[in-house]
Amino acid sequence: MGKRELLLVLGFVALGTLVYQVTAPAPAPGQSPFSLRRIVDNIRREFQGNRVSAEVTMTASHPVPEGLRELRLTLQNTPVIITGEDRTDIASELWVRSTGYDEAEAKSLAGQSALTVEPAGPTITVSLKYPSGGSQRGKLQLRVPSDMLVFFGPTNVRIEVTGTRGVEMESARGETILKNITGGVTAHHRGGDFTVEDVGAVRLTARGSDVRLSRVHGDANLVLEAGALRGADLAGPIDIQATSADVVLENFQEPGGPVRIASVTGSVILRGLRGEGRVEGRNAEIDVAIDRARPLAIFNSGEPVQVTLPPDGYTLDAIATDGTITMPDAVTSQLTTTASPDGKEHKASGNVHGGGPTITIRATRGGIRFNLHESR
């Protein structure tokens, strides 16, 4: 476009604006009059967008009706930290950062975020609504009575709960930390870190999660798909079903409850086993170190089995089909060992150190290797 054409366009715009101001009806009560500056500001806003951000922190105290000890949260996109304390109310601290065209608008939008904490039947519900303008990010911290049972709806942000009676999570993604829970934890988790420490019991279904358990004083019931599990100081009973997951458990509490693990195309490592155990694998690597002789059965196919034998007395019953059995001479001398004529099946059985609980090993298409306990 040449200079002449540009001048013509600007002239028409100016003329149109003048005609509108002359002929336009008077504004209605409460309605702003026509303003060219306002039009320019709106155009500028469209091009520049919400260029400024501001934050606010809002605190409040919320009463808890007598007898209500269940808390339900629906905060899908807001990280939350919940701490159980010796108190009778709920204290909230909400931090919100919002964008806006300028600092005043951004701060106003952040302050319009509405946290609701109110009774709903037998529970107290917690919800958060952000304003429609701008873009908000929030973080919420709640201090609640320690005997609260906390329920979460679907979440995909960081969750941390400490010192409550129990936790239930409908569907969680992202980092989750649950500590010092006097009762049980029940959760469905997918992706990210899932940490449970010092709790009464755990019931977990996880997919693609990095799970860490420590000091679980009661039942641990887990269904794992992909991902990994590392557990320590578990009391049992323990029941784990794992598919394409790596499972490592160590430092079992004394005396230790029964351990049941079924693993497919993954791995199982147990260190310091002190209770009764049963491990079933299919195309899974299995490595078990036994601290105290207890009844133990291991069945595996497609991958080898490695067992560190206990220092006290036990009875061994091992068969490897399409695989070999390898063990220290000090153990071999106390056992009866045989092999089939075609060399496909190897057996080792007998009492070691005077006999005791039976350790049964069956491996198909994989060998069995026995090691001595470090105390021997």
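Just so it is clear, the values below take in all heavy atoms, side chains as well, and ignore hydrogens, waters and symmetry mates. The chain is numbered in sequence order, starting from 1.
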Are the side chain of [X] and the backbone N or O of [Y] linked by a donor-acceptor pair below 3.5 Å?
X: T315; Y: G350; answer: no
X: D102; Y: E105; answer: yes
X: Q136; Y: G133; answer: yes
X: S135; Y: T99; answer: no

Distance, nearest 0.5 Å, that separates [atom1] of [X] from [atom2] of [Y]:
X: R271; Y: I290; atom1: CZ; atom2: CD1; value: 11.0 Å
X: L249; Y: L229; atom1: CG; atom2: CG; value: 5.5 Å
X: I325; Y: H346; atom1: CD1; atom2: NE2; value: 7.5 Å
X: T116; Y: I124; atom1: OG1; atom2: CD1; value: 13.5 Å
X: E85; Y: T162; atom1: CD; atom2: OG1; value: 10.5 Å
X: S92; Y: M58; atom1: OG; atom2: CE; value: 9.0 Å

(request) Test side chain to side chain donor-acceptor pair (under 3.5 Å) on H189 and S209 and set out the steps. (result) CA-CA 7 Å; H189 189 266; S209 304; 2.7 Å; yes
Please determine, by modelled atom types, if [X] and [Y] share a side-chain donor-acceptor pair under 3.5 angstrom.
X: R97; Y: S53; result: yes
X: S61; Y: D89; result: yes
X: D317; Y: S349; result: no
X: T78; Y: Y130; result: yes

Quick check: do [X] and [Y] have side-chain heavy atoms less than 4.5 Å from each other?
X: V64; Y: M148; value: yes
X: T308; Y: F370; value: no
X: V185; Y: L204; value: no
X: S214; Y: E197; value: yes

N-O pairing of [X] and [Y] below 4.0 Å:
X: E225; Y: R207; result: yes
X: D233; Y: R215; result: no
X: R260; Y: E276; result: yes
X: R143; Y: E93; result: no
X: R72; Y: E70; result: no

(message) side chain to side chain donor-acceptor pair (under 3.5 Å), that's the test. Do T265 and S244 meet it? Break it down for me.
(response) CA-CA 5 Å; T265 62; S244 301; 3.0 Å; yes
(request) Would you sort out whether L142 and L73 count as a side-chain contact (heavy atoms from CB on, under 4.5 Å), showing the intermediate values? (result) CA-CA 11 Å; L142 299 175; L73 298 95; 3.9 Å; yes
Nearest non-hydrogen partners of [X] and [Y], listed with the distance:
X: I368; Y: I319; answer: CD1-O, 3.6 Å
X: P122; Y: L68; answer: O-CD2, 3.4 Å
X: I181; Y: G163; answer: CD1-N, 4.2 Å
X: D291; Y: P311; answer: O-CD, 3.4 Å
X: T164; Y: I82; answer: CG2-CG2, 4.3 Å
X: G200; Y: V216; answer: O-CG1, 4.4 Å

Table please: side-chain donor-acceptor pairs of residues 293-307 below 3.5 Å, with sequence neighbours left out.
residue : atom : partner : partner atom : Å
R294    : NE   : R274    : O            : 3.3
N300    : ND2  : A284    : O            : 2.8
N300    : ND2  : E303    : O            : 2.9
Q306    : NE2  : D287    : OD2          : 3.1

(message) Applying side-chain contact (heavy atoms from CB on, under 4.5 Å) to T205 and L222, what does each step give before you reach the verdict?
(response) CA-CA 6 Å; T205 299; L222 297 94; over 6 Å; no
Could you check whether atom [atom1] of [X] has more than 12 heavy atoms from other residues, nucleotides or ligands sitting under 6.0 Å from it?
X: R369; atom1: CZ; value: no
X: R362; atom1: CZ; value: yes
X: R158; atom1: CZ; value: yes

(message) The test is side-chain contact (heavy atoms from CB on, under 4.5 Å); show your working for T195 and L178 and say whether it passes.
(response) CA-CA 6 Å; T195 301; L178 309 175; over 6 Å; no
(request) Treating Ile, Leu, Val, Met, Phe, Trp and Tyr as nodes and any side-chain heavy-atom pair under 4.5 angstrom as an edge, say whether M169 and F151 lie in one connected cluster. (result) no
(request) Using the rule that two of Ile, Leu, Val, Met, Phe, Trp, Tyr join whenever any of their side-chain heavy atoms come within less than 4.5 Å, decide whether V56 and L75 are in one cluster. (result) yes
(message) side-chain contact (heavy atoms from CB on, under 4.5 Å) for I177 and V161? Distances and angles first, verdict last.
(response) CA-CA 6 Å; I177 301 173; V161 182; over 6 Å; no
Listed pairs under 3.5 Å, donor-acceptor, residues 329-337 side chains, sequence neighbours left out:
residue : atom : partner : partner atom : Å
T332    : OG1  : P328    : O            : 3.0
S333    : OG   : D329    : O            : 3.4
S333    : OG   : A330    : O            : 3.2
Q334    : OE1  : H353    : N            : 2.9
Q334    : NE2  : A330    : O            : 3.1

(request) Could you name each residue pair satisfying ring pair (Phe, Tyr, Trp, His ring centres under 6.0 Å) that touches residues 203-224, not counting sequence neighbours? (result) none
